[in-house]
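Since the structure comes first, as structure tokens, the remarks are kept for the end.
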Amino acid sequence: MTAYLIRRVITSIVVLIGVSIVIFFLLHTIYPSPAQDVLGAKATNAAVNAWNKANGFDRPWILQYLSYIGNALHGNLGYSYKLNQSVAALFRERWARSFYLSGMSLLLSVLLAIPLGIYQAVRRNSLSDNAMTTVAFILYAMPVFFLALILIQAFALSLHIFSYEASQSTSVWAVMADWHAMTLPIATLTLISVAGYSRYMRSSAMDALAQDYIKAARAKGLPERLVLFRHLVRNACLPMVTLIGLSIPVLLAGNLITEQVFNYQGLGLLFYNSLGNVDYDVLIAYTLIGATLVIVGNLVADIALTVADPRIRLA
Amino acid sequence: MTNIASPVLSPLGGARAPEGGEAGPIQSGWRLAMREFTSNRLAVLGSAILVFFLVFCFIGPIFYHGQTVNTNLQATNLPPGAGHLLGTTSEGFDELALLMRGGQASLEVAFLAAVFGIVLGSIWGAVAGLVGGVVDSVMMRIVDVFLSIPILFVVLIIAVRYGPSVLSLGLIIGGYYWLVPARLVRGEVLTLRTRDFVSAARIAGVRPWRLIGRHLIPNAVGVMIVNVTFNVADAILLVAALGYLGFGLQYPTQDWGDMLSNGIGYMQDGYWWLVYPVGACIVLVVMACNLIGDALRDSFDVRLRRR
């Protein structure tokens, strides 16, 4: 098992290096230098060239990449010329808010999807199963912003229960306490994820229900409740671990759109605003962090699965 | 396409029946899969919805004319009624005609992306699986690298710099959608590689490209079609998200995402016809593709058959 884990970690590091090269190259090709944006549209060519030379943007991209990575490893992610702040400081200020939004909705959607999926698998093809499947299919097909809009229209503008804007508080503790403002953003992301997860959970539970150990548990006269809780749940949840690891890109994308809709001052909104005014260092840093999260997520899911499922350790 | 005798789709014909099942006559895998598909009511529903929208978007404009290019300030934000069956937008465009035009753009981008992705992906996967060894590892690590980059971020960055058209957007999104098919096809090829008919072809001196084109890819077609349907659904949602964030197609081409995001601005004024019809279009088409994809996967999946 140790050999497997070591190999898996090394692969992840190789992929991570590849990702950083690709992202850096891509951005470098699209925006060779932020000089024009920093100095203004009226800057002369000479001024732009001088600025490029002074800040090292005239070097070959591979050298720029190496110095960028060197800095990044020391915690320096570059400088936002638009916001006049270091990117690391911007991220430190905002990451907790994004983490709360994504983490909370991920947690809620898993907690909802597992019982829903098992219930649907047990009551397969019943009226309630079909109704839930229909709702899941509709939610799954819905653009995130459209769902957010419908929720805002219903719960904020018509019923006045929740706020149409997320909490603007700078302290994450105040944000957490402000359920009036945070319910709709969290509900949006949760509903979108629950739709996918519960479908998956349903088929995973159906597979597990057909296994011999369930038959054995029933045959020895175990009450159905214990069959489900002791034997089915744990086995049916195993594939969910991989699924959650794989769903991080979707979560990041959903996070970006939700933060934009509800004007929530997190990393996604920062990225969105940086797109409009081409804040080079923010774009590259957040894309890199997103990719790192995806790789780490997959790695953690694989390791968790190895720990949870002894059968994999043999392979 | 019906003459492709496929060992993956019909495991030794129907001769080796699964436990407890009865042995049926030997049938072509495609016919079996088709029968399985058409007996699935949801799949038929999904296909019907998709066909309806294809007709609506591509043939509808021949019969229903409405202004979608020139603004008409005398007819802005009209509610649905005679003359404008679904009302008009703030520019005086006819909403129903715009729905057809927008649907064309959304569907074209999505299909272009999915087809481009599947072609590139299946060639990549087949070569990696067939050659094997170091080449395979390197090619698959490249796939891993690209899969780790969140697509929305990259598409947004590219779209901001180069105002996207149907073609460029389709290719950019397709440039991401080849990754999963590459993995799937490689997996299929790895299992097919050891089959007797592949060995026979190799012994007969078939060249690698012909082996891929004539023997390996046709046998992985089931997996590929399923992937295409899911990718079309994904791409429609992605294009809509781009449109909403303001980095979608440029006027005079509009897609459903642009329309929905324009309509949202008028939500407070009660102009529901600018929001819900186009929202319903997106949801229905994506749902139809997902239904078809699910059903196709079940009908191609030999293990699930006759359960």
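Here is the naming used below: chain letters follow the sequence lines, and residue numbers restart at 1 for every chain.
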Under 3.5 Å, sequence neighbours excluded: what are the donor-acceptor pairs made by side chains of residues 191-199 of chain A?
from: A:Ser193; atom 1: OG; to: A:Leu189; atom 2: O; distance (Å): 2.9
from: A:Tyr197; atom 1: OH; to: A:Ser247; atom 2: OG; distance (Å): 2.7
from: A:Ser198; atom 1: OG; to: A:Val194; atom 2: O; distance (Å): 3.0
from: A:Ser198; atom 1: OG; to: A:Ala195; atom 2: O; distance (Å): 3.4
from: A:Arg199; atom 1: NH2; to: B:Asp294; atom 2: OD2; distance (Å): 3.3

Would you mind writing out the side-chain donor-acceptor pairs for residues 173-185 of chain B within the sub-3.5 Å range, not counting sequence neighbours?
from: B:Tyr177; atom 1: OH; to: B:Ala235; atom 2: N; distance (Å): 3.4
from: B:Trp178; atom 1: NE1; to: B:Gly175; atom 2: O; distance (Å): 2.7
from: B:Arg183; atom 1: NH2; to: B:Asp144; atom 2: OD1; distance (Å): 2.6

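Note on A:Ile248, A:Asn298, A:Thr292, A:Val261: by heavy-atom pairs under 4.5 Å with chain B, the leading option is A:Val261. For the set A:Ile138, A:Val250, A:Ile152, the entry with the most heavy-atom pairs within less than 4.5 Å of chain B is A:Ile138.
Around atom CZ of B:Phe146, no more than 12 heavy atoms belonging to other residues, nucleotides or ligands sit under 6.0 Å away. Counting heavy atoms of neighbouring residues, nucleotides and ligands inside a 6.0 Å radius, atom CZ of A:Phe155 does not exceed 12 of them. Within 6.0 Å of CG on A:Leu127 lie no more than 12 heavy atoms contributed by other residues, nucleotides or ligands.
Contact annotation for B:Leu291: both backbone and side-chain heavy atoms come within less than 4.5 Å of a heavy atom of chain A. When heavy atoms are compared at a cutoff of 4.5 Å, B:Ala233 does not approach chain A at all. For a residue to count as touching a neighbouring chain, one of its non-hydrogen atoms must lie under 4.5 Å from one of that chain's; by this rule A:Leu26 touches chain B with the side chain only. Both the backbone and the side chain of A:Val15 come within contact range of chain B, judged by heavy atoms closer than 4.5 Å. Within the 4.5 angstrom heavy-atom criterion, only side-chain atoms of A:Leu157, from C-beta onward, approach chain B. With a 4.5 angstrom heavy-atom cutoff, A:Leu139 does not touch chain B via any of its atoms. Contact of A:Ile30 with chain B is made through backbone and side chain together, with heavy-atom distances under 4.5 Å. Using a 4.5 Å cut-off between heavy atoms, A:Thr11 contacts chain B through its side chain alone, with no backbone atom that close. Using a 4.5 Å cut-off between heavy atoms, A:Phe137 touches chain B through backbone and side chain atoms alike. Heavy atoms of B:Ile142 lying under 4.5 Å from chain A are absent altogether. Only the side chain of B:Leu237 comes within contact range of chain A, with at least one heavy atom under 4.5 Å from a heavy atom of that chain. Only the side chain of A:Leu256 comes within contact range of chain B, with heavy atoms under 4.5 Å apart. Using a 4.5 Å cut-off between heavy atoms, B:Val275 touches chain A through backbone and side chain atoms alike.
Residues A:Pro249 and B:Ile151 have side chains not in contact (no heavy-atom distance under 4.5 Å, counting atoms from C-beta outward). Two residues are said to be in side-chain contact when any heavy atoms from C-beta on lie closer than 4.5 Å; B:Ile157 and A:Phe271 meet this criterion.
Minimum heavy-atom separation, A:Gly290 to B:Pro150: C-CG, 3.9 Å. Between A:Val22 and B:Ile149 the shortest heavy-atom distance is CG1-CD1, 3.8 Å.
Here the OG-CG distance, from B:Ser261 to A:Leu149, works out to 11.0 Å after rounding to the nearest 0.5 Å. To the nearest 0.5 Å, atoms OG (B:Ser148) and CD1 (A:Ile23) are separated by 9.0 Å. To the nearest 0.5 Å, atoms OH (B:Tyr276) and CD1 (A:Ile150) are separated by 5.5 Å. The distance from the CZ atom of B:Phe153 to the CG atom of A:Leu275 is 9.5 Å, given to the nearest 0.5 Å.
For A:Tyr272 (side chain) and B:Leu245 (main-chain N/O), a donor-acceptor pair under 3.5 Å exists by modelled atom type.
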message = Between B:Val286 and A:Tyr140, does the side chain to side chain contact (heavy atoms under 4.5 Å, CB included) criterion hold? Intermediate values first, please.
response = CA-CA 9 Å; B:Val286 173; A:Tyr140 197 66; over 6 Å; no

